[in-house]
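Read the structure below first, then the notes.
Model, not experiment: these values are computed from the prediction. In what follows, every heavy atom counts, from backbone to side chain, and hydrogens, waters and symmetry copies are set aside.
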Amino acid sequence: VQLQASGGGLVQAGGSLRLSCAASRTIHSSVVMGWYRQAPGKQREFVASIRSGRDPNYADSVQGRFTISRDNAKNTLYLQMNSLKPDDTGVYYCKADLPSGNYWGQGTQVTVSS
């Protein structure tokens, strides 16, 4: 499967962005999908994940500001990001944990200016 992330950009602090991750084929709703990010000079870190039948998981740093969702009919994962902060700057990657392995999207740049 191929994952295509999009929706990044430059936004001022306090603004919002919505990221999308389109899958090249149907991914069952029971498969965990998530978002990760990597800031310059730092390791990639977990942001949020979702799977059917369970509450979404969020990193403490984004809890209450970000919302992860998925549209299974469109094979698309989303990340709604509100109240953005400069610390949210980084490349955002989507991921699917399939039985055949973990698949990553190519990343989309998010830059939050102060």
Side-chain angles (χ1 to χ4, degrees):
V1 64
Q2 292 183 335
L3 302 176
Q4 181 74 35
S6 62
L10 173 63
V11 64
Q12 289 187 334
S16 298
L17 283 174
R18 188 176 82 153
L19 305 183
S20 299
C21 174
S24 59
R25 64 168 177 81
T26 299
I27 296 178
H28 197 275
S29 60
S30 64
V31 170
V32 176
M33 296 192 71
W35 290 97
Y36 291 72
R37 67 187 180 188
Q38 188 166 18
K42 295 186 177 180
Q43 290 188 333
R44 192 172 299 187
E45 65 177 5
F46 169 80
V47 175
S49 65
I50 188 170
R51 62 161 291 179
S52 63
R54 295 183 181 178
D55 292 335
N57 290 319
Y58 296 96
D60 289 345
S61 59
V62 308
Q63 182 78 44
R65 299 187 298 120
F66 290 10
T67 302
I68 189 171
S69 62
R70 64 198 290 179
D71 185 333
N72 295 317
K74 296 182 178 180
N75 300 327
T76 303
L77 177 73
Y78 301 100
L79 185 68
Q80 178 66 42
M81 306 187 295
N82 298 328
S83 303
L84 283 161
K85 305 175 181 180
D87 285 348
D88 295 318
T89 293
V91 179
Y92 283 68
Y93 299 89
C94 53
K95 179 189 174 192
D97 296 345
L98 294 169
S100 57
N102 296 332
Y103 294 82
W104 293 87
Q106 88 288 0
T108 184
Q109 175 71 45
V110 172
T111 303
V112 184
S113 63
S114 58

Gap between atom CD of Gln12 and atom OG of Ser114 - 0.5 Å precision: 9.5 Å

For Asn72 against Ser29, the heavy-atom pair lying closest together: ND2-CB, 3.4 Å

Qualifying residues under side chain to side chain donor-acceptor pair (under 3.5 Å), relative to Ser24, sequence neighbours excluded: none

Step-by-step side-chain contact (heavy atoms from CB on, under 4.5 Å) determination, Thr89 to Gln109: CA-CA 8 Å; Thr89 293; Gln109 175 71 45; 4.1 Å; yes

No-hydrogen, no-angle side-chain donor-acceptor test under 3.5 Å, Gln4 and Ser6: no

Neighbour count >12 (heavy atoms, 6.0 Å) for atom CG, Asp55: no

Rounded distance [0.5 Å steps], OG in Ser61 versus CZ in Phe46: 9.5 Å

Steps toward side-chain contact (heavy atoms from CB on, under 4.5 Å) verdict (Lys74, Ser20): CA-CA 11 Å; Lys74 296 182 178 180; Ser20 299; over 6 Å; no

Main-chain N/O of Gly90 paired to Gln38 side chain as donor or acceptor, under 3.5 Å: no

Interatomic distance, Gln106 atom CD to Thr108 atom OG1 [nearest 0.5 angstrom]: 7.0 Å

Least distance between heavy atoms, Cys94 atom then Ala5 atom: SG-CB, 4.1 Å

Reported CZ-to-SG distance for the pair Arg70 and Cys21, which is rounded to 0.5 angstrom: 10.0 Å

Fellow cluster residues of Val31, listed by chain then number, with links counted only when side-chain atoms sit under 4.5 Å apart: Val1, Leu3, Val11, Leu17, Leu19, Ile27, Met33, Trp35, Val47, Ile50, Tyr58, Val62, Phe66, Ile68, Leu77, Leu79, Met81, Leu84, Tyr92, Leu98, Tyr103, Val110, Val112

Check ion pair Asp97-Arg51 (N to O, under 4.0 angstrom): no

Sequence-distant partners of Asn57, side chain to side chain donor-acceptor pair (under 3.5 Å), two or more places apart: none

